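This report concerns only the one structure given below.
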Amino acid sequence: MARAIWTGVVTFGLVTVPVGLYTAVEDHTLHFHQLQRGTSDRIRNRRVNERTGKEVDAADIVKGYEVEEGRYVIVEPDELDEIAPGRSQTIDITDFVDLDRIEPAYFDHTYYIAPRGKEYTKVYELLRAALAEADKVGIATFVMRGRQYLTALRAEDKVMILQTLHWADEVRDPGRELPELPELPVARAGRGKELQMALQLVDALSGDWKPGKYHDTYQEKVRELVKAKAEGQEIAAAQGPPQATNVIDLMKVLEGSIEAARSGREAHEAGKTGKAGKAATRTSPPKKAGAASARARDRGTTGKRELQRLSKAELYQQASEQDVPGRSKMSREELIDALAHSGRRRGKTAA
């Protein structure tokens, strides 16, 4: 069972719910120790007094801000807590905004938020459901470990997510920091036939988000390297990066990329069809669809047209009532498909 790294309350309006903050991710990086070359002796980092060279105990270390050369203002930990009374225990929601209005550069770390006791689950679920139905995120601030954080609270299935955000003055302006961005008006590659080819390539490579499909191949190579060296073996060096695409060959490269992507998708679909065919031969042939199933199909088609008239919040409400799994992560189109499928399934059951 995970332990909370911070405890306090979430407030929105006059509503308060006690919560705990939990780490949402863990590091899978292979970690190395530092050794002196030619030995198995570990290297240690020690806190040493710069003037005397003697090691200093952690309890004797304080924070100091240099106001001028050689002169410091000393600040104790309890003094930092005193200047923000209550803020160290409160996540105070002040605004609700659309998630897609927050630029990706602002997002930092992700945490889970959970109620601190069964008696607080109703208020917790009220906030989570409101965020989900409104399709909004709550903007809040709180203090943890001597730092104030700007955060976004968002709803997922059965849980709320807190993502820390960078402050506005911490995010660099790409127009000033990056010298080689395209200048306006948009360059030739940003329109015309080349753009259409690029869009075809995007379409050919498009699919559902399946995080388990992706894995850290570099860490796998690191583990292979360690294992091979431990067994006295050699490991082949990886290939270098591909050469940059020549603008003259851009159309040819795009055409080749589209063909390769489509060929890969067709092979994947053929593999799935083959598996489905083998499974079908092991089952009895289906019965002919009667009038009841035809009516169910008609209801499904009509229902989908009606669903397309609804807003995403209205679609999410229906998905919640029908307990559609994974609804909080679905786009509007995915909600429509899931609700239409759910309606057809209920129609067949009734028939």
Side-chain angles (χ1 to χ4, degrees), residues 1-28 76-99 101-102 106-167 209 211-212 312-330 335 338:
M1 185 69 68
R3 294 183 61 183
I5 62 172
W6 178 93
T7 57
V9 296
V10 172
T11 64
F12 59 111
L14 299 177
V15 180
T16 298
V17 53
V19 297
L21 196 67
Y22 300 83
T23 302
V25 297
E26 59 184 3
D27 182 16
H28 67 196
E76 299 289 347
D78 56 349
E79 293 177 317
L80 293 173
D81 291 335
E82 288 172 1
I83 63 174
R87 297 303 298 275
S88 296
Q89 288 80 41
T90 305
I91 298 174
D92 184 20
I93 300 176
T94 57
D95 303 281
F96 293 94
V97 303
D98 293 330
L99 178 62
R101 301 298 296 170
I102 304 175
Y106 280 86
F107 289 101
D108 192 9
H109 292 94
T110 303
Y111 301 91
Y112 293 129
I113 283 189
R116 234 171 51 237
K118 290 185 177 180
E119 63 269 34
Y120 306 120
T121 55
K122 183 176 180 179
V123 182
Y124 174 90
E125 175 57 19
L126 173 67
L127 175 57
R128 191 208 65 79
L131 287 172
E133 186 168 341
D135 199 20
K136 300 280 188 180
V137 297
I139 302 301
T141 58
F142 82 113
V143 175
M144 179 175 66
R145 297 170 182 167
R147 283 187 60 189
Q148 185 177 34
Y149 292 90
L150 180 66
T151 68
L153 277 77
R154 54 191 294 184
E156 295 289 339
D157 275 350
K158 299 182 180 179
V159 70
M160 280 195 294
I161 300 288
L162 180 144
Q163 291 181 287
T164 57
L165 305 173
H166 294 289
W167 300 98
W209 165 239
K312 186 176 180 181
E314 292 169 329
L315 292 167
Y316 187 87
Q317 177 64 30
Q318 289 197 22
S320 299
E321 293 171 355
Q322 298 179 27
D323 198 24
V324 174
R327 56 189 176 275
S328 66
K329 299 178 182 178
M330 292 182 181
L335 284 169

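All residue numbers refer to positions in the sequence shown, counting from 1. All values reported here derive from a predicted model rather than from experimental measurement.
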Determine whether Val97 and Lys136 make a side-chain contact, defined as any pair of heavy atoms from C-beta on separated by less than 4.5 Å. no
With sequence neighbours excluded, tell me which residues meet salt bridge (charged side-chain N to carboxylate O under 4.0 Å, His left out) with Asp27. none
Under the side-chain contact (heavy atoms from CB on, under 4.5 Å) test, residues paired with Ala24 that sit two or more places apart: Thr110, Tyr112
What pairs of donor and acceptor atoms, side-chain ones from residues 118-125 against any protein atom, are under 3.5 angstrom apart with sequence neighbours left out?
{"from": "Thr121", "atom 1": "OG1", "to": "Lys118", "atom 2": "O", "distance (Å)": "2.8"}
{"from": "Tyr124", "atom 1": "OH", "to": "Ile113", "atom 2": "O", "distance (Å)": "2.5"}
{"from": "Tyr124", "atom 1": "OH", "to": "Met160", "atom 2": "N", "distance (Å)": "2.8"}
{"from": "Glu125", "atom 1": "OE1", "to": "Arg128", "atom 2": "NE", "distance (Å)": "2.8"}
{"from": "Glu125", "atom 1": "OE2", "to": "Arg128", "atom 2": "NE", "distance (Å)": "3.4"}
{"from": "Glu125", "atom 1": "OE2", "to": "Arg128", "atom 2": "NH2", "distance (Å)": "2.8"}

Who passes ring-ring contact (aromatic ring centres under 6.0 Å, His included) against Tyr149, sequence neighbours left out? Phe142
Please name all residues satisfying ring-ring contact (aromatic ring centres under 6.0 Å, His included) with Trp209, sequence neighbours left out, ordered by chain then number. Tyr214
Looking at Trp6 and Arg145, would you say the former's side chain and the latter's main chain have a donor-acceptor pair under 3.5 Å? no
What closest approach, in Å, do Val9 and Pro18 show between heavy atoms, and which atom pair accounts for it? CG1-CA, 3.8 Å
With Asp95, which residues qualify under salt bridge (charged side-chain N to carboxylate O under 4.0 Å, His left out), at least two apart? none
Using only atom types and a distance under 3.5 Å, with no angle test, would you say the side chain of Arg116 pairs donor to acceptor with the backbone of Val17? no
Between CD on residue Gln163 and CG on residue Leu150, distance to nearest 0.5 Å: 12.0 Å
Not counting sequence neighbours, which residues clear side-chain contact (heavy atoms from CB on, under 4.5 Å) with Ala140? List them please. Ile91, Ile93, Thr151, Leu153
Nearest 0.5 Å, what's the CZ-CG distance between Phe107 and Leu99? 5.0 Å
Between CD1 on residue Ile139 and CZ on residue Arg101, distance to nearest 0.5 Å: 12.5 Å
Is there a side-chain contact between Leu127 and Val15 (heavy atoms, below 4.5 Å)? no
Contacts of type side-chain contact (heavy atoms from CB on, under 4.5 Å), residue Leu126, not counting sequence neighbours: none
Does Thr11 have any side-chain hydrogen bond (donor to acceptor under 3.5 Å, both in side chains) partners at least two apart in sequence or in another chain, and if so, which? Asp92
Once side-chain contact (heavy atoms from CB on, under 4.5 Å) is applied, do any residues pair with Glu76, and if so which ones, sequence neighbours excluded? Val62, Ile74, Asp78, Glu79
Would you give the length of the straight line joining atom CD1 of Ile161 to atom CG of Leu131, rounded to the nearest 0.5 angstrom? 11.5 Å
Non-neighbouring partners of Glu321 that pass side-chain hydrogen bond (donor to acceptor under 3.5 Å, both in side chains), sequence neighbours left out: Gln317
